[in-house]
Amino acid sequence: MEIITSKRYELEILVEGETHTLCNALRKILMEDETVKSAAYAIEHPIVGEPKLYIKAKSPKKSLKIAAETLKERCEEFKGLLESIE
């Protein structure tokens, strides 16, 4: 990740090597946070573009960290469910 803009209530990061999958999941979890006013991402070119994630929040870096942890926990839970049906 590369921070493009870091202000008190705004954060814009370049998420190198990722696609819609990670960015959309993070965006959805960020929007569940009451302290987040908006969260979005854009990929300027569908084949070679790198996603940029935009967050407006009371504390955008903290919100992103919490969202990443939440996503990790949900993935582990899903993995456990899959393993239980094998």
Side-chain angles (χ1 to χ4, degrees):
M1 290 190 331
E2 177 185 333
I3 295 175
I4 298 169
T5 304
S6 181
K7 297 180 182 176
R8 184 173 182 181
Y9 300 114
E10 294 180 37
L11 181 65
E12 178 182 359
I13 59 171
L14 181 67
V15 188
E16 296 177 17
E18 293 300 332
T19 62
H20 292 283
T21 305
L22 176 66
C23 294
N24 199 39
L26 282 173
R27 181 202 57 80
K28 183 178 182 312
I29 293 170
L30 281 162
M31 291 308 298
E32 294 172 3
D33 184 340
E34 293 178 2
T35 67
V36 174
K37 290 186 178 184
S38 64
Y41 73 94
I43 300 176
E44 292 180 14
H45 190 281
I47 297 173
V48 295
E50 298 283 355
K52 290 181 184 176
L53 182 64
Y54 307 91
I55 305 166
K56 287 187 180 181
K58 183 176 180 181
S59 178
K61 287 181 182 178
K62 181 178 177 183
S63 294
L64 179 58
K65 188 173 182 176
I66 291 169
E69 287 295 323
T70 301
L71 180 58
K72 181 180 175 182
E73 291 168 7
R74 290 181 184 178
C75 287
E76 289 296 324
E77 180 183 350
F78 183 67
K79 182 180 174 184
L81 289 171
L82 286 176
E83 289 171 350
S84 71
I85 60 173
E86 290 183 345

Taking salt bridge (charged side-chain N to carboxylate O under 4.0 Å, His left out) as the test, write out the residues that go with Glu44, two or more places apart. Lys52

Among pairs that include at least one residue of residues 43-68, which meet ring-ring contact (aromatic ring centres under 6.0 Å, His included), considering only residues two or more places apart or in two chains? none

Per-pair distances, 0.1 Å, donor-acceptor, side chain in residues 4-18, under 3.5 Å, sequence neighbours excluded:
from, atom 1, to, atom 2, distance (Å)
Thr5, OG1, Glu12, OE1, 3.3
Ser6, OG, Lys61, NZ, 3.4

Write out all pairs satisfying ring-ring contact (aromatic ring centres under 6.0 Å, His included) with one or both partners inside residues 11-41, taking only residues at least two apart or from two chains. His20-Tyr41

Tell me whether the count of non-hydrogen atoms from other residues, nucleotides or ligands lying under 6.0 Å of CE in Met1 goes above 12. no

Linking I/L/V/M/F/W/Y whenever any side-chain heavy atoms sit under 4.5 Å apart, do Leu81 and Leu71 land together? no

Residues in side-chain contact (heavy atoms from CB on, under 4.5 Å) with Ala67, at least two apart? Leu26, Ile29, Leu30

Evaluate the side-chain proximity of Ser38 to Ile55: yes if any heavy-atom separation is below 4.5 Å, no if none is. no

Using the test side-chain hydrogen bond (donor to acceptor under 3.5 Å, both in side chains), find all partners of Lys28 that sit at least two apart in sequence or belong to another chain. Glu32

All side-chain contact (heavy atoms from CB on, under 4.5 Å) counterparts of Lys62, not counting sequence neighbours: Ser59, Ile66

Hey, what do you get for OG (Ser63) to NZ (Lys65), rounding to the nearest 0.5 Å? 12.0 Å

To the nearest 0.5 Å, what is the distance between OG1 on Thr35 and NZ on Lys56? 15.0 Å

Mind jotting down which residue pairs meet the ring-ring contact (aromatic ring centres under 6.0 Å, His included) criterion with at least one end in residues 62-86? Sequence neighbours excluded, please. none

Using a 4.5 Å cut-off between side-chain heavy atoms of Ile, Leu, Val, Met, Phe, Trp and Tyr, which other residues end up in the same hydrophobic cluster as Ile47? Val48

